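Chain letters run A, B, ... following the sequence lines, proteins first, then strands; residues in each count from 1. Only this structure's heavy atoms are used, side chains among them; waters, hydrogens and symmetry mates stay out. Computed from a predicted model, the values in this text were never measured in an experiment.
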Amino acid sequence: MTLNLKLTPDFFLRDVLLVAPDLLGKQLVRRFPDGLIKKFTITEVEAYRGEEDLACHASKGRTSRTEVMYQSGGRIYVYLIYGMHYLLNFVTEREGIPQAVLIRGIDDIKGPGRVSKIVAIDKKHNRTSLFESEEIWVEDTEIHAEYFTDVRVGIDYAGDYWKNKPWRFIMNWQRE
DNA sequence: GTTAAGATTCCG
DNA sequence: GGAATCTTAACG
């Protein structure tokens, strides 16, 4: 008997370095505009942690763009990158602490831009609450995901210290 | 108002 | 290796 329960605030109101690996193996659930519901297993994420993290958008401080990261955990942060790709993030921690998890992979889909395309995420989902949305939420599973870590992708500008943090979390391929 | 650069992807 | 494509933030 598998219970698929929607994740609640207590899951997201923790440090991003705890939430990020815990999201591996969880189900990203999407009710598409036509009403069809699909569930995707989260397989790869990255953590962005506060104003001091030079790779985190919040290192620029509180702006209209980063304001959502300062809200309490459980909201969606979506932004457009390179003029063509929307990237999907989940905000973590209590109000006032700007952190977020970037969803880099689901099922066999690799790459955060492709994730948003498959799940049909765009800027209108920015600031949406995962607890109140009828379109997007995350469900718990009984999967205990094994994973390994690596450095985050595409943040050479963040300087040696931050760019070398092993804050990318990748679920191991399941072998039966 | 102008401009540089980006948590990327796809094509050649 | 480079283009595509546009928002944000920094600067004037």
Side-chain angles (χ1 to χ4, degrees), chain A residues 7 11-12 14-26 28 30 32 38 40-93 96-130 133 136-138 145 147-172:
Chain A
L7 293 182
F11 181 90
F12 293 96
R14 295 180 295 153
D15 191 283
V16 70
L17 295 179
L18 297 176
V19 176
D22 271 5
L23 278 169
L24 298 174
K26 299 290 188 286
L28 172 60
R30 174 71 162 116
F32 289 92
K38 288 187 183 176
F40 307 87
T41 301
I42 297 172
T43 57
E44 182 175 341
V45 300
E46 282 177 357
Y48 289 87
R49 189 170 185 271
E51 294 180 346
E52 63 176 6
D53 176 5
L54 295 182
C56 182
H57 290 166
S59 64
K60 304 291 185 186
R62 197 164 189 150
T63 66
S64 58
R65 181 200 211 188
T66 64
E67 199 277 332
V68 64
M69 296 181 76
Y70 288 78
Q71 295 185 32
S72 67
R75 285 186 187 276
I76 291 172
Y77 169 38
V78 180
Y79 67 94
L80 182 67
I81 190 67
Y82 300 118
M84 40 176 54
H85 304 293
Y86 290 104
L87 300 207
L88 171 64
N89 301 257
F90 299 149
V91 174
T92 69
E93 264 288 8
I97 303 176
Q99 303 181 344
V101 179
L102 170 66
I103 309 301
R104 287 194 64 88
I106 52 173
D107 296 335
D108 57 344
I109 304 299
K110 293 291 186 186
R114 302 185 68 204
V115 166
S116 293
K117 184 170 184 181
I118 295 292
V119 186
I121 300 294
D122 64 46
K123 63 183 179 185
K124 74 172 176 288
H125 299 291
N126 192 34
R127 306 186 184 204
T128 295
S129 168
L130 290 170
S133 175
I136 306 168
W137 62 94
V138 184
Y147 65 88
F148 60 98
T149 62
D150 202 345
V151 296
R152 294 172 292 180
V153 176
I155 56 160
D156 287 348
Y157 59 85
D160 287 342
Y161 180 77
W162 295 104
K163 109 183 158 189
N164 288 322
K165 290 286 188 186
W167 287 355
R168 180 156 56 113
F169 303 86
I170 306 139
M171 193 166 81
N172 288 335

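- Listed nucleotides dT7(C), dT9(B), dA7(B) differ in distance to L80(A); the shortest reach to its side chain belongs to dT7(C).
- A salt bridge between R49(A) and E93(A) is absent, with no side-chain N of the basic residue lying under 4.0 Å from a carboxylate O of the acidic one.
- Comparing dC10(B), dG6(B), dA9(C) by their closest approach to the side chain of R114(A) singles out dC10(B).
- To the nearest whole angstrom, the two P atoms, one in dA5(B) and one in dG2(C), are 16 Å apart.
- Atom CZ of R168(A) and atom C1' of dT8(B) are 14 Å apart (whole Å).
- Following rounding to the nearest Å, D122(A) (CG) and dC6(C) (P) show an atom-to-atom distance of 14 Å.
- Distance L87(A) CG to dT8(B) C1': 7 Å, rounded to the nearest Å.
- Across all strands shown, G113(A) has heavy atoms under 4.0 Å from sugar-phosphate atoms exclusively, and none from any base.
- Between D53(A) and R152(A) there is a salt bridge, since at least one side-chain N of the basic residue sits less than 4.0 Å from a carboxylate O of the acidic one.
- In this structure, H85(A) places its NE2 atom 13 Å from P of dA4(C), rounding to the nearest Å.
- Using a 4.5 Å cut-off on side-chain heavy atoms (C-beta onward), K26(A) and V45(A) make no contact.
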Before you tell me yes or no, could you show the steps for Q99(A) and Y77(A) under side chain to side chain donor-acceptor pair (under 3.5 Å), namely the whole-Å CA-CA distance, both residues' side-chain angles and the distance that decides it to 0.1 Å?
CA-CA 10 Å; Q99(A) 303 181 344; Y77(A) 169 38; over 6 Å; no

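- At a threshold of 4.0 angstrom between heavy atoms, the contacts of R152(A) with the nucleic acid are absent.
- Atom-to-atom, CG of L102(A) to C1' of dT8(B) comes out at 11 Å; the value is rounded to the nearest Å.
- If you look at Y86(A) and H125(A), their ring centroids are not closer than 6.0 Å.
- In this structure, L54(A) atom CG and dA7(B) atom P are separated by 12 Å, rounded to whole Å.
- You'll find that the side chain of Y48(A) is closest to dA7(B), out of dA9(C), dT5(C), dA7(B).
- Of the residues near DNA chain B, K117(A) and V153(A), the one whose nearest nucleotide (by heavy atom distance) lies more toward the 5' end is V153(A).
- Per the geometry, CD1 belonging to I109(A) stands 16 Å off P belonging to dT8(B), to the nearest Å.
- As a whole-Å value, the separation of Y77(A) OH from dG6(B) C1' is 11 Å.
- Which of dT8(B), dA7(B), dA9(C) sits closest to the side chain of K60(A) comes down to dA9(C).
- A 3.5 Å limit on both hydrogen-bonding distances identifies dT8(B) as the Watson-Crick or G-U partner of dA4(C).
- The N89(A) side chain lies nearest to dA7(B) when the options are dA9(C), dT8(B), dA7(B).
- Pairing for dT3(B) goes to dA9(C), judged as Watson-Crick or G-U wobble with the two contacts each under 3.5 Å.
- Residue H57(A) has no polar side-chain atom (N or O) positioned under 4.0 Å from OP1 or OP2 of dT8(C).
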